[in-house]
Amino acid sequence: MLNNILKVYDEDLAKGALNQASIAEGNVVAAGSTQGALCVNAFAVGDVAVNGTITITVKHGDTETGAFAELLTMSIEATKSFVDGELMATATLPADVKDFVTAAIASSTSNSGNIRVTLGYLAR
């Protein structure tokens, strides 16, 4: 299992084309009471060229349909490139994460390719 990353099917916190200025929040996923066992992973979908910074804002809230507050931010610097399926960024969710999480992405119209932001499971 070394260097393998478990990917969750169809529970994307956000996904879309990076040549947009912003990508709206995706699915709301249950993540509470996981005691630091989850991370957020951003994967390249197809070949990705980052010409302008990408910012991924992970948000959390108490209910699936309620208000969400910023939990953490991940940044991918300009002048990077990734191949299909490559991990672009990762961050561990804190132990006190609220019950539900989602994410939004700020990008640049000069970027190309697609992104998928999803939860991952940390080895224990």
Side-chain angles (χ1 to χ4, degrees):
M1 286 289 296
L2 188 61
N3 293 328
N4 289 319
I5 298 172
L6 295 174
K7 297 177 185 174
V8 180
Y9 175 75
D10 201 32
E11 287 191 353
D12 298 331
L13 302 178
K15 65 180 175 180
L18 289 169
N19 62 357
Q20 304 173 59
S22 65
I23 300 171
E25 297 170 4
N27 292 331
V28 174
V29 179
S33 302
T34 55
Q35 300 174 347
L38 295 176
C39 63
V40 177
N41 293 320
F43 293 102
V45 178
D47 291 335
V48 171
V50 181
N51 298 309
T53 301
I54 299 168
T55 303
I56 303 163
T57 304
V58 179
K59 302 174 182 182
H60 66 154
D62 293 319
T63 64
E64 192 170 0
T65 57
F68 287 84
E70 185 174 322
L71 176 63
L72 61 92
T73 302
M74 300 185 299
S75 293
I76 303 166
E77 299 300 321
T79 68
K80 293 194 176 203
S81 61
F82 302 92
V83 297
D84 184 42
E86 188 174 356
L87 182 66
M88 299 169 65
T90 188
T92 302
L93 290 178
D96 63 348
V97 66
K98 293 184 179 180
D99 289 339
F100 295 94
V101 294
T102 189
I105 302 167
S107 187
S108 168
T109 56
S110 64
N111 293 332
S112 65
N114 292 290
I115 191 169
R116 176 179 183 241
V117 179
T118 187
L119 292 178
Y121 300 98
L122 299 171
R124 293 290 182 156

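In this chain, numbering begins with 1 at the start of the sequence shown.
For the side-chain contact (heavy atoms from CB on, under 4.5 Å) test with Leu18, the passing option among Val45, Val48, Ile76 is Val48; the others fail. Among the candidates Val101, Thr92, Leu119, the single residue satisfying the side-chain contact (heavy atoms from CB on, under 4.5 Å) test with Val40 is Leu119.
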Could you go step by step and tell me if Leu87 and Phe43 meet the side chain to side chain contact (heavy atoms under 4.5 Å, CB included) rule? CA-CA 5 Å; Leu87 182 66; Phe43 293 102; 3.9 Å; yes

Can you check side chain to side chain contact (heavy atoms under 4.5 Å, CB included) on Thr65 and Val28, steps first, answer last? CA-CA 8 Å; Thr65 57; Val28 174; over 6 Å; no

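To the nearest 0.5 Å, atom CD1 of residue Ile56 and atom CE of residue Met88 are 6.5 Å apart. Atom CD of Glu11 sits about 7.0 Å away from atom OG1 of Thr118, to the nearest 0.5 Å. Separation of atoms NZ (Lys59) and OG1 (Thr73) is listed at 10.0 Å; rounding is to 0.5 Å. Rounding to the nearest 0.5 Å places CZ of Phe100 at 7.5 Å from CZ of Phe68. Going from atom NE2 of His60 over to atom CG of Asp99 covers 10.5 Å, rounded to the nearest 0.5 Å. With rounding to the nearest 0.5 angstrom, the OG atom of Ser22 is 9.5 Å from the CD1 atom of Ile105.
Judged by distance alone, the side chain of Thr109 and the main-chain N or O of Gln20 form no donor-acceptor pair under 3.5 Å.
Closest approach of Glu77 to Thr53, counting heavy atoms only: OE1-OG1, 4.1 Å. The two residues Asp84 and Ala44 have their closest heavy-atom pair at OD1-O, 3.7 Å. Looking at every heavy atom in both residues, Arg116 comes nearest to Lys15 through CA-CB, 4.1 Å. The two residues Ala24 and Ala14 come nearest to each other via the heavy atoms O-CB, 4.1 Å.
Cluster membership for Val97 and Leu38, using ILVMFWY side-chain heavy atoms within less than 4.5 angstrom, is shared. Both Leu71 and Val117 are assigned to one and the same hydrophobic cluster, defined by single-linkage of ILVMFWY side chains at heavy-atom distances under 4.5 Å. In the hydrophobic cluster analysis, where Ile, Leu, Val, Met, Phe, Trp and Tyr join through side-chain heavy atoms closer than 4.5 angstrom, Met74 is grouped together with Val29. Under the 4.5 Å side-chain heavy-atom criterion for Ile, Leu, Val, Met, Phe, Trp and Tyr, Leu13 and Ile23 are members of the same hydrophobic cluster.
For the pair Ser112 and Asn19, the minimum side-chain heavy-atom distance is 4.5 Å or more. Looking only at side-chain heavy atoms (C-beta outward), Asn51 and Asn111 come within less than 4.5 Å of each other.
Heavy-atom contacts from other residues, nucleotides or ligands closer than 6.0 Å to NZ of Lys98 number more than 12.
In the model, Thr90 has a side-chain atom that pairs as donor or acceptor with a side-chain atom of Asn41 under 3.5 Å.
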